[in-house]
Amino acid sequence: MQILVNSNHSVDVTSNLEVHVKATVESELERFDDQLTRVEVHLNDENSGKSGPQDKRCQMEARVKGHEPISTSHKADSLNMAIDGCAEKLNHALAHALDKKLNHH
């Protein structure tokens, strides 16, 4: 599974941040590894520069073999919390979509 980390100008994707994103996605989505081709992660600070509650946003889009892409997003007070929450939501969305698909075959 390939993991791509993107951001707009408001988020500086440091190597530490990229390592955190990849480790979180890999551990959260490990059981879907053989069904996923790639996961695109988009990070955004909606108030760039100004702090505000829940202004950090993470969106993840999982590309699943033979399936429409599945996308989730999560807002939180910190990027790490947004990343963790988004990965957890994506895990649930993939479980729901893929378990349903497996049960129909």
Side-chain angles (χ1 to χ4, degrees):
M1 155 178 55
Q2 182 184 18
I3 301 168
L4 304 172
V5 182
N6 306 297
S7 77
N8 65 4
H9 64 280
S10 67
V11 175
D12 181 23
V13 180
T14 62
S15 57
N16 283 349
L17 182 58
E18 194 164 341
V19 164
H20 174 74
V21 169
K22 290 183 176 183
T24 302
V25 170
E26 284 170 358
S27 67
E28 194 69 46
L29 305 181
E30 186 176 19
R31 69 186 183 116
F32 303 111
D33 195 32
D34 57 339
Q35 293 153 299
L36 299 176
T37 55
R38 92 175 175 246
V39 176
E40 287 193 36
V41 180
H42 300 276
L43 303 174
N44 189 352
D45 182 342
E46 297 190 336
N47 288 344
S48 67
K50 300 186 291 286
S51 66
Q54 304 219 331
D55 66 339
K56 308 297 187 278
R57 182 171 180 265
C58 177
Q59 187 214 345
M60 294 184 185
E61 183 179 81
R63 303 293 174 117
V64 186
K65 294 174 188 163
H67 198 283
E68 290 291 310
I70 295 173
S71 178
T72 58
S73 67
H74 189 76
K75 288 184 183 181
D77 294 338
S78 76
L79 275 175
N80 285 349
M81 289 167 57
I83 292 161
D84 295 349
C86 194
E88 198 175 306
K89 285 181 178 178
L90 189 56
N91 182 352
H92 291 294
L94 285 166
H96 180 75
L98 296 177
D99 289 347
K100 193 162 66 172
K101 184 179 175 187
L102 293 173
N103 291 337
H104 284 292
H105 286 262

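Positions are given from 1 along the sequence.
Proximity of Asn80 to Leu17: side-chain heavy atoms (C-beta onward) are separated by under 4.5 Å at one or more points. The shortest distance between side-chain heavy atoms of Thr24 and Glu26 does not fall below 4.5 Å. Residues Arg63 and Val39 have side chains not in contact (no heavy-atom distance under 4.5 Å, counting atoms from C-beta outward). Residues Phe32 and Val64 are not in side-chain contact: their nearest non-hydrogen atoms beyond the backbone lie 4.5 Å or more apart. In this structure, the side chains of Asp55 and Lys75 stay at 4.5 Å or more apart for every pair of heavy atoms. Taking the side chain as every heavy atom from C-beta outward, Val5 and Leu43 approach each other to under 4.5 Å. Inter-residue side-chain proximity for Ile83 and His74 is flagged as unmet; no heavy-atom pair is nearer than 4.5 Å. The side-chain heavy atoms of Met60 and Val25, taken from C-beta on, include a pair separated by under 4.5 Å.
A salt bridge (Lys or Arg N to Asp or Glu O under 4.0 Å) check over residues 83-93, counting only residues at least two apart or in different chains, returns nothing.
Checked by atom type and distance alone, the side chain of Lys65 pairs as donor or acceptor with a backbone atom of Asp34 at under 3.5 Å. For Ser10 (side chain) and Asp45 (main-chain N/O), a donor-acceptor pair under 3.5 Å exists by modelled atom type. Using modelled atom types, no side-chain atom of Asn8 and backbone atom of Asn44 make a donor-acceptor pair closer than 3.5 Å.
Linking ILVMFWY side-chain heavy atoms closer than 4.5 Å, directly or via other members, places Met81 and Leu90 in two distinct hydrophobic clusters. Residue Val13 is not grouped with residue Leu4 when hydrophobic side chains (ILVMFWY) are merged at heavy-atom distances under 4.5 angstrom, including chains of intermediate members.
Shortest non-hydrogen contact noted between Glu28 and Ala87 is CG-O, 3.2 Å. Scanning all heavy atoms of the two residues, the minimum distance from Leu98 to His67 falls at CD2-CD2, 4.3 Å. The two residues Lys56 and Asp77 have their closest heavy-atom pair at CG-O, 3.7 Å. Taking both residues in full, the closest heavy atoms of Cys58 and Cys86 are given as O-SG, 3.4 Å, listed atom of the first, atom of the second, then distance.
Salt-bridge annotation for Lys22 and Glu18: present, with a side-chain N of the basic residue lying under 4.0 Å from a carboxylate O of the acidic one. With respect to Glu61 and Arg38, no salt bridge is recorded, no charged nitrogen being found less than 4.0 Å from a carboxylate O.
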Test log, rule side chain to side chain contact (heavy atoms under 4.5 Å, CB included), inputs Arg57 and Ser73: CA-CA 7 Å; Arg57 182 171 180 265; Ser73 67; 3.8 Å; yes

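Between Gln59 and Ser71, the side chains place a donor N or O and an acceptor N or O closer than 3.5 Å (distance only, hydrogens not considered).
Atoms CD and CG, from Glu30 and Leu36 in turn, are 12.0 Å apart once rounded to the nearest 0.5 Å. One distance of note links NE2 of His92 with CD1 of Ile70; it measures 13.5 Å at 0.5 Å rounding.
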